[in-house]
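The analysis underlying the following values was restricted to heavy atoms, covering all of them including side chains, and did not include hydrogens, waters or symmetry mates.
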Amino acid sequence: MSPFGAAAAAMGAAPGFPARLLELLRASDLDESGAFVAWQLARLPRGLTEAERDALAILVGRLLAAQSRGSTRVAVGDDDRARLARANELVGQAQTTGATPLVLDGRYFYTQRAHACEGRVAARLAARRQAGPFSPMDLHQAVDAAAALGAPTPSDEQKAAVVAALGRRLGVISGGPGTGKTTTALLLVRSLARLGVAPAAIALAAPTGKAKSRLEEDFRARLGSLRDPPLPDRELLALCPEAQTLHHLLGATAGPDGFRRAARDPLPYRAVIVDESSMIDLVLMDRLLDALPDACQLVLLGDADQLPSVSAGAVFRDLGALSTRLLRGYRADPAQPAGSQLVALAQEVRAGAADAAAALCSTRGNAGEHRRQGAEHLASEQRDELLRQHHARLFDVADCAGLIDRTYAGSGDVFAGEDAARLDALAAHLGKTRVLTVTRQGLAGVERCNAFLHDLHGGGPSLLAGEPVLMLRNDYERGLWNGDQGIAVRARRPGQATAMVCAFRSRQGWLAVDPWAVGPALGLGYALTVHKAQGSEYDEVLLLLPDYACPLLTRELVYTAISRARGSVVVCGSLDIFKLGVAAREDRGSGIGERLAVLVEAT
C-alpha cells in the first residue's frame, strides 16, 4: 500500500494523519508511507469513531516502528487490547485461523506474517531437540580422536560443547570474542568425519560473505596444519566443504519466491554448521529450517551478546536456554597489559557498566599520541586527523606501495600464481586495521569517512588502485554476496587494455570483477558499519561515535565493535555518548524463547 497508489487515489485527498502517528514513525526513521499504511488499515473495521480509528492507527504505527527496530511484536495494555478486540475484521486472535493482517496473542500485538513465522520457527526448533543419530560412546570416541590431533588442541570446554551439539539434531554453541568458535567448528566437522559422515554431506555456512570467507580460510589453514593426518582428515582436506553464505546455501534468487531450497526441495546434507548465527533474522531462520531434511543435524555457533540481525528477530539470543556456552577467550591475551585492558573493557560493556567501561579507555590529547595498544579514547575533534594517520599507516609503506602500483595479469577472470600471492599479502596488510562506524550518515558515518579517505588517496569519480571495496548487496550472476570484501587493482587481461578491476577472493583464486558491471552493489570499504564488521577480526579497531545520541548506539553494538580487536581499540567521540551507548540495551520484542520453553517442556 502506497500513499501515491490506487488506494490513495480512490480515497480522495491525502489523509489527515494523527500528529502523534507521524512523530512516532519519524522517530524510527520511517517515512509517511508507513503512516499511510497504519491510517488505511485503521479504516478497515466497521463501526469505529474517528477517535477510535486514530488510536488504532497509532497502535499499528507502534508495531511498524517496533519492527523497524528489529522486534517481531509489541506489548499492549488492557485498554489497547480491548480496542484491538473491537477491530476483528483487522485483528485476529492467536487461537483462530483467520486471514486477518494483524494478530493479538495474549498481551502481544503482531503482524500475521511475523506471528506465523515465529510459530513455525519455534515448533521446528523444538522438534530438533530430539536425540541425534550417534550413540554417546561413539560420539565421545570420535571427539577424543579428533581432538588428539588438533591444531590447536581443543580445550575440554570445546570438546564438551561438540559432544553436546552433536548429541541432538539441534546444537547451539555460544561464545564471546575469541573463545575458539572456529576451532570448535573444525572439531565438529572432524568428529563428524570420524562418525562416518562424508565431507560432501557436511555444509558450512554463515550469514555474510565476510563471515563465510573467514570461516573457510581459518578452516582450511588449520586443517592443512595437521601433521601426518589420518584418513578422515586427509579426505576432509581433499574434499573440504566449501563455506557458503546462507543465501547461497538456500539458493537465493531475485525472483518472487526468494529461495529455491525448501521442504519440497530439501538440502542434500546430513549436517549443516552455521557460524555467526546471531546475524540470522527470523525469516531467514524460517527458510533454513524449512529446507533441512528431518534427519539433518543443525549446529548454530555465535555470540548471543553481539548485535542481533539487521532485520526483525533475535533467534540466536532466544536459544540461550538450549545453548552450550564457551567462556574462555583467546583473541586478546589477558597476560599482556593491552589484552587485559581489552578483556576488561568487553566485560564491563557486556555488563552495561558505562562508567567503568569509560574509565578503562585511556584518553589521549590528540591523534598523534595514541599508542595503538589496549583501549584508548580521542575526542571527536581529532576524528579527521585520526583518519589521516590511518590512511598513512595503510599506504605510506614501501612494501605496500609495490603491491598497489603494479599491474596484475589476470588469466581469464582469475588471478593466479605470484599475483594471487601478492593479493593475499595486500589483503592481509589492509585487513590489520579497520574504521568502524555506528551510522551511515553524518560526520562520523560510513559514507563520509569513505569519501574522506578516498580523497586522501587521490579522489575523483572512480576507484583507485589499492582501495578496499565492499559488496553492499548480493550479485547472483557473479556469485558475490553482501559483505564480501575485495581490493581495487590495475589489471591487464589477455587481449584487453589495462583497466581497474576489483579482486575478490574465491575458492578458485582471486576473481577479477569489472566494477562498472557490479554498479551500485559495490562500495568503498575503508570504513564499515559495525553491522558489516560482524564476523571479522582486526589487530586495531577505530570506532567512530556519532556526535549525538541515536537509537543505533547500543550496548550490543559497542560490544560487537570492541570485540573485533586483538590488540587495540580507539574510541573517537564523546565519552558521554559512549556511556549512553553502553547503558542502552537493545530490547527486541520476540516470542521465540517463550514458545520454545513451552514446547520443550511439553515434550
Side-chain angles (χ1 to χ4, degrees), residues 1-120 281-283 286 309-314 551 586-592 594-595:
M1 290 179 286
S2 165
F4 312 108
M11 300 178 86
F17 300 136
R20 186 178 160 203
L21 174 63
L22 288 175
E23 291 171 4
L24 176 70
L25 295 176
R26 286 169 179 166
S28 298
D29 202 26
L30 295 173
D31 59 27
E32 288 195 12
S33 63
F36 183 82
V37 170
W39 179 86
Q40 192 174 35
L41 286 173
R43 264 127 193 90
L44 290 178
R46 296 183 294 271
L48 299 183
T49 66
E50 281 304 307
E52 288 173 328
R53 294 186 188 280
D54 285 350
L56 182 58
I58 291 169
L59 272 175
V60 176
R62 281 179 54 200
L63 179 57
L64 296 177
Q67 287 186 329
S68 75
R69 296 191 297 269
S71 294
T72 60
R73 63 186 189 178
V74 63
V76 290
D78 292 342
D79 291 344
D80 287 335
R81 288 203 297 275
R83 185 173 293 113
L84 293 171
R86 290 198 297 275
N88 51 22
E89 299 100 328
L90 177 66
V91 184
Q93 298 295 318
Q95 298 78 13
T96 65
T97 57
T100 57
L102 304 171
V103 174
L104 183 62
D105 188 348
R107 61 189 186 93
Y108 293 106
F109 186 33
Y110 287 86
T111 62
Q112 189 277 337
R113 181 174 186 244
H115 187 265
C117 196
E118 269 198 1
R120 288 193 302 270
D281 61 59
L282 179 65
V283 172
D286 185 36
S309 57
V310 175
S311 299
E586 181 151 346
D587 185 19
R588 289 200 170 190
S590 166
I592 292 289
E594 297 163 16
R595 292 171 185 260

In the structure I gave you, are the side-chain heavy atoms of Leu90 and Leu84 within less than 4.5 Å of one another anywhere? no
Which of Arg86, Arg43, Arg83 passes salt bridge (Lys or Arg N to Asp or Glu O under 4.0 Å) with Glu52? Answer is Arg86
Return the set of residues passing side chain to side chain donor-acceptor pair (under 3.5 Å) with Asp105 (not counting sequence neighbours), or none when no residue passes. His115
Heavy-atom closest pair, residues Leu282 and Ala114: CD2-O, 4.0 Å
Does atom CZ of Arg107 have more than 12 heavy-atom neighbours from other groups under 6.0 Å away? no
Of all the heavy-atom pairs spanning Asp281 and Ala312, show the shortest one and how long it is. CB-O, 3.4 Å
Salt bridge (charged side-chain N to carboxylate O under 4.0 Å, His left out) partners of residues 57-66, not counting sequence neighbours, each pair once: Arg62-Asp80
Determine whether Leu48 and Arg53 satisfy the following criterion, side-chain contact (heavy atoms from CB on, under 4.5 Å), listing intermediate values before the conclusion. CA-CA 6 Å; Leu48 299 183; Arg53 294 186 188 280; 3.9 Å; yes
Identify the two heavy atoms, one from Ala42 and one from Ala57, that lie closest to each other, and give their separation to 0.1 Å. CB-N, 3.7 Å
Does any non-hydrogen side-chain atom of Glu89 lie less than 4.5 Å from one of Leu44? no
Less than 4.5 Å apart, any side-chain heavy atom of Thr111 and any of Leu102? yes
Taking all non-hydrogen atoms of both residues, which atom of Leu41 and which atom of Pro101 are closest, and how far apart? CD2-CG, 4.4 Å
Does Arg69 use its side chain to pair, donor to acceptor, with the backbone of Arg588 at less than 3.5 Å? no
Quick check: closest heavy atoms across Ala87 and Leu56, and the distance to 0.1 Å? CB-CD2, 3.9 Å
Around atom CZ of Arg113, are there more than 12 heavy atoms of other residues, nucleotides or ligands at under 6.0 Å? no
For residues 70-79, please give each side-chain donor-acceptor pair under 3.5 Å, one per line with the distance, not counting sequence neighbours.
residue : atom : partner : partner atom : Å
Ser71   : OG   : Gly589  : N            : 2.7
Thr72   : OG1  : Glu118  : OE2          : 2.6
Thr72   : OG1  : Gly589  : O            : 3.2
Arg73   : NH1  : Tyr110  : OH           : 3.2
Arg73   : NH2  : Ser590  : O            : 3.2
Arg73   : NH2  : Glu594  : OE2          : 2.8
Asp78   : OD1  : Arg81   : NH2          : 2.3

